[in-house]
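Reviewing the structure listed below.
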Amino acid sequence: MMKISTFRRACFGAASALALMAGAAAAAPERPECVAPAQPGGGFDLTCRIAAEALESQLPTPMQVTFLPGGIGAVAFNQFNTTRTDDPNAIVAFSTGSLLNIATGKYGEFTQEDVRWVAAAGTDYGAVIVKADSEFETLQDVMDAFAADPGSVVTGAGGSVGSQDWMKAALLVQAAGADPRAMRYVAFDGGGESIAGLLGGSIQIYTGDVAEMVPHLEAGTMRILGIMSAERLPAPFAEIPTVTEQGWEIEWPILRGFYMGKDVSDEDYNAYVEMFEAAYETPEFAELQAERGLFPLNMAGEEFHSSVLERTERLQGLAQEFGLIQE
């Protein structure tokens, strides 16, 4: 179990107390649990650890982080649509990649309408990344190469065809006026292998995520040519232009958050919503996001639920456009 400082505990506790005084807060879950739908380590584990730490002072007992790997989230999604639809204690970690899998039918018969989306842990953003000594000096250089011959540029990332990292590359090729099906894409097993492939020269472009780049930028081994965010990000990325401001309207926010089964009561659902809303009000939560490489996206409850439904619908449209949904 991750520990937090006494000061941070006090601040989260104060925020919780204020929330309780402000109105009828729902009772906290008796056996709080966060399900990471993967093996230990990685993004889902990180997402659950954020919940466990941020909500610690508001919970009657420490939140347990459990692991339910299988199908990149499919096993957990199916379990919470069959045997645990009304579990009042458990939240499940998800990401934009999960929503894309739902959109393309990889989670089976269940859809985004079949769970209750609770709250966000934060967001990351896609990026166009090259080696420090790459022949591609600017994003324009990359786009010109894609336009001339998408097969001449070796792109790679941590995901197979149809994954969110593949989608980032496909959007770039499409924006350059070329056919994404003609691009040379190398699928790696995660970001670590992708970075090794980029540094080793087996790929030229890595369509990864911003947060994982901090140590590599500091070391001077890689450069980011464009970030897939609506606006420029704060330091250490403040000097890096977005893809949109360079002329191509491409955004790829990587949401991380939590859901519950669709049959949980409003009281149990609101218990988690209110705890996240209380945590959002503390500066310590922003520090926690930064420590985990995430950017603020503090949204919970019905607003968050509606936002996730809209995001998934957009992903379904993109998946249809790229031929990823089988009729």
Side-chain angles (χ1 to χ4, degrees), residues 1-4 8 12 29 31-59 61-80 84 87 89-102 106-107 115 117-126 157-160 163-165 188-196 208-215 253-261 272 275-276 279 284-298 300 304 308:
M1 184 69 192
M2 298 183 70
K3 301 295 184 182
I4 61 176
R8 179 177 288 173
F12 278 130
R31 298 183 300 279
E33 175 188 5
C34 185
V35 177
Q39 298 289 350
F44 290 137
D45 190 355
L46 175 148
T47 305
C48 276
R49 300 295 173 183
I50 289 176
E53 187 167 347
L55 305 184
E56 184 173 12
S57 66
Q58 303 184 62
L59 293 168
T61 60
M63 173 175 278
Q64 297 298 116
V65 176
T66 58
F67 300 94
L68 188 59
I72 320 176
V75 170
F77 197 73
N78 277 266
Q79 186 174 108
F80 277 79
R84 300 180 70 177
D87 190 325
N89 296 295
I91 56 176
V92 187
F94 79 94
S95 71
T96 297
S98 309
L99 302 183
L100 182 57
N101 285 333
I102 293 170
K106 292 182 179 179
Y107 282 4
V115 296
W117 306 97
V118 179
T123 189
D124 194 359
Y125 295 94
S160 61
S163 68
Q164 66 170 334
D165 285 347
F188 293 96
D189 186 15
E193 286 191 8
S194 304
I195 290 170
D209 306 336
V210 168
E212 63 188 333
M213 287 296 105
V214 175
I254 302 160
L255 173 66
R256 292 199 176 278
F258 312 93
Y259 67 83
M260 299 180 78
Y272 271 114
M275 285 189 292
F276 275 105
E284 287 70 32
F285 188 80
E287 292 175 11
L288 184 59
Q289 287 175 318
E291 289 168 3
R292 301 299 188 271
L294 295 178
F295 300 92
L297 179 65
N298 299 338
F304 182 68
V308 171

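- A 4.5 Å side-chain heavy-atom check between V308 and L255 finds at least one atom pair inside the cut-off.
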Apply side chain to side chain contact (heavy atoms under 4.5 Å, CB included) to F295 and D124, showing your working.
CA-CA 6 Å; F295 300 92; D124 194 359; 4.0 Å; yes
Show me the donor-acceptor pairs, under 3.5 Å and distance only, between side chains in residues 67-79 and residues at least two apart or in other chains.
residue : atom : partner : partner atom : Å
N78     : ND2  : A74     : O            : 2.8
N78     : ND2  : Y107    : O            : 3.2
Q79     : OE1  : R84     : NH1          : 3.1

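- At distances below 3.5 Å, at least one donor-acceptor pair connects side-chain atoms of Y272 with backbone N or O atoms of N89.
- Heavy atoms only, all atoms of each residue included: A52 and V65 are closest at CB-CG2, 4.3 Å.
- Every pair passing salt bridge (charged side-chain N to carboxylate O under 4.0 Å, His left out) that includes a residue from residues 36-47 is listed here, sequence neighbours excluded: D45-R49.
- For T66, the side chain to side chain donor-acceptor pair (under 3.5 Å) partners are E33, not counting sequence neighbours.
- Remark: aromatic rings of F304 and W117 are distant, center separation not under 6.0 Å.
- When all heavy atoms of F258 and A120 are compared, the pair lying nearest together is CE1-C, 4.5 Å.
- Minimum heavy-atom separation, I50 to L294: CD1-CD1, 3.5 Å.
- The two residues A93 and C48 make their nearest non-hydrogen contact at CB-SG, 3.9 Å.
- Taking both residues in full, the closest heavy atoms of Q289 and P296 are given as OE1-CA, 3.6 Å, listed atom of the first, atom of the second, then distance.
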